[in-house]
Student: 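Structure provided below as structure tokens; questions to follow.
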Amino acid sequence: MSKAIENLILAQQNAMKVRPEIGGFPYLAESLRRAGVTSNIWFLPSCQSIYLTNDGPIVTQGKPLINDIADIPLFNRNALIRAIRIDQEGKSTFLEFLESSWRAGVIRYEVNFVKRTVTYYGCLDEEYLEEYPAVDLIL
């Protein structure tokens, strides 16, 4: 196992120990940032995730959201914002968030851990950017 993978796994485990049930994403993000992860790119509906780290790039493959050919939903900014807020309120699982984002027309999103932003993209160059707050981790 590479140092990049070891650092990512450790950072994720540490984040799960300190993140609150509601509004936990900034804690995960800060844990990853401190571990040298600079960005995370999610591709929907394949649920492939690429982490760019100071120790090298990593890819993970989740369970895809679709199993066959499918139409891509039109980008719906309001539906996306609703999905984000539901997740921030702790009222959805991560998989439910991904499914809702896909239904809102998101084909990719990028987390920039340095700038503390998440940008969501549709297939016709639509985009929606949100900033997230800095937090202090007590590990």
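What you see is a predicted model; the values in this text were computed from it and never measured.
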Student: If every non-hydrogen atom of Cys47 is compared with every non-hydrogen atom of Leu44, which pair is closest and at what distance?
Tutor: SG-CD2, 4.2 Å
Student: Is any side-chain heavy atom of Ile41 closer than 4.5 Å to a side-chain heavy atom of Arg108?
Tutor: yes
Student: Would Phe94 and Trp42 count as a close aromatic pair, with their ring centres under 6.0 Å?
Tutor: yes
Student: Heavy atoms, side chains only, cut-off 4.5 Å: are Leu8 and Thr53 in contact?
Tutor: no
Student: Out of curiosity, Ser2 OG to Ile58 CD1, how far, rounded to the nearest 0.5 Å?
Tutor: 5.5 Å
Student: Is any side-chain heavy atom of Gln88 less than 4.5 Å from a side-chain heavy atom of Ile84?
Tutor: yes
Student: Is Arg34 paired with Glu30 through a side-chain N to carboxylate O contact shorter than 4.0 Å?
Tutor: yes
Student: So, applying side-chain hydrogen bond (donor to acceptor under 3.5 Å, both in side chains) with Asp87, which one of Ser101, Ser92, Ser100 is it?
Tutor: Ser92
Student: State, with a plain yes or no, whether a side-chain heavy atom of Ile50 is found less than 4.5 Å away from one of Asn40.
Tutor: no
Student: Are more than 12 heavy atoms, taken from residues, nucleotides or ligands other than Ile81, located less than 6.0 Å from that residue's CD1 atom?
Tutor: yes
Student: Less than 4.5 Å apart, side chain to side chain, heavy atoms only: is that true for Leu80 and Phe75?
Tutor: yes
Student: Would Met16 end up clustered with Tyr132 when hydrophobic side chains under 4.5 Å apart are linked, directly or stepwise?
Tutor: yes
Student: Taking only Lys NZ, Arg NE, NH1 and NH2, and the carboxylate oxygens of Asp or Glu, determine whether Glu6 and Lys3 approach each other closer than 4.0 Å.
Tutor: no
Student: So that I can tick it off, tell me whether Glu130 and Arg85 are bridged by a salt bridge, with the cut-off set at under 4.0 angstrom between side-chain N and carboxylate O.
Tutor: yes
Student: Taking atom CG of Leu52 and atom OG of Ser39, what is their separation to the nearest 0.5 Å?
Tutor: 3.5 Å
Student: Minimum heavy-atom separation for Cys123 to Ile107, with atom names?
Tutor: CA-CD1, 3.5 Å
Student: Looking only at non-hydrogen atoms, find the nearest pair between Trp102 and Asp71 and report the distance.
Tutor: CZ2-O, 3.9 Å
Student: How many angstroms lie between atom NZ of Lys17 and atom CD of Gln12, to the nearest 0.5 angstrom?
Tutor: 13.0 Å
Student: When you compare the side chain of Ile86 with that of Phe97, does any pair of heavy atoms fall below 4.5 Å?
Tutor: no
Student: Taking the six-membered ring for Trp and the full ring for Phe, Tyr or His, determine whether the centres of Tyr109 and Tyr121 are under 6.0 Å apart.
Tutor: no
Student: Inspect the contact between Arg77 and Glu126 and indicate whether a charged nitrogen and a carboxylate oxygen are less than 4.0 angstrom apart.
Tutor: no
Student: NZ of Lys115 to CD of Glu131: how many Å apart, nearest 0.5 Å?
Tutor: 10.5 Å
Student: Nearest 0.5 Å, what's the CZ-CG distance between Arg103 and Leu98?
Tutor: 10.5 Å
Student: Would you say Phe113 and Leu32 make side-chain contact, with heavy atoms under 4.5 Å?
Tutor: yes
Student: Do you know the tightest heavy-atom contact between Gly23 and Pro26?
Tutor: O-CD, 3.3 Å
Student: Would you say that more than 12 heavy atoms from the other residues, nucleotides or ligands in this model lie under 6.0 Å from the CD of Glu21, or not?
Tutor: no
Student: Contact between Ile9 and Met1 at the side-chain level, heavy atoms closer than 4.5 Å - yes or no?
Tutor: yes
Student: Once rounded to the nearest 0.5 Å, what's the spacing between atom OG1 of Thr117 and atom CG of Leu129?
Tutor: 5.0 Å
Student: Distance-only, no hydrogens or angles: does the Ser46 side chain make a donor-acceptor pair with backbone N or O of Pro64 under 3.5 Å?
Tutor: no
Student: Is it the case that one hydrophobic cluster holds both Leu65 and Ile72, taking links as side-chain heavy atoms less than 4.5 Å apart, direct or via other members?
Tutor: yes
Student: Any sub-3.5 Å donor-acceptor pair from Ser31's side-chain atoms to Ala11's backbone N or O?
Tutor: yes
Student: Is there a path from Val118 to Val135 through hydrophobic residues (I, L, V, M, F, W, Y) whose side chains come within less than 4.5 Å of each other?
Tutor: no
Student: Same hydrophobic cluster for Leu95 and Phe25, using side-chain heavy-atom links shorter than 4.5 Å among ILVMFWY?
Tutor: yes
Student: Which heavy-atom pair separates Gln48 from Gln61 by the least distance, and what is that distance?
Tutor: CB-OE1, 3.6 Å
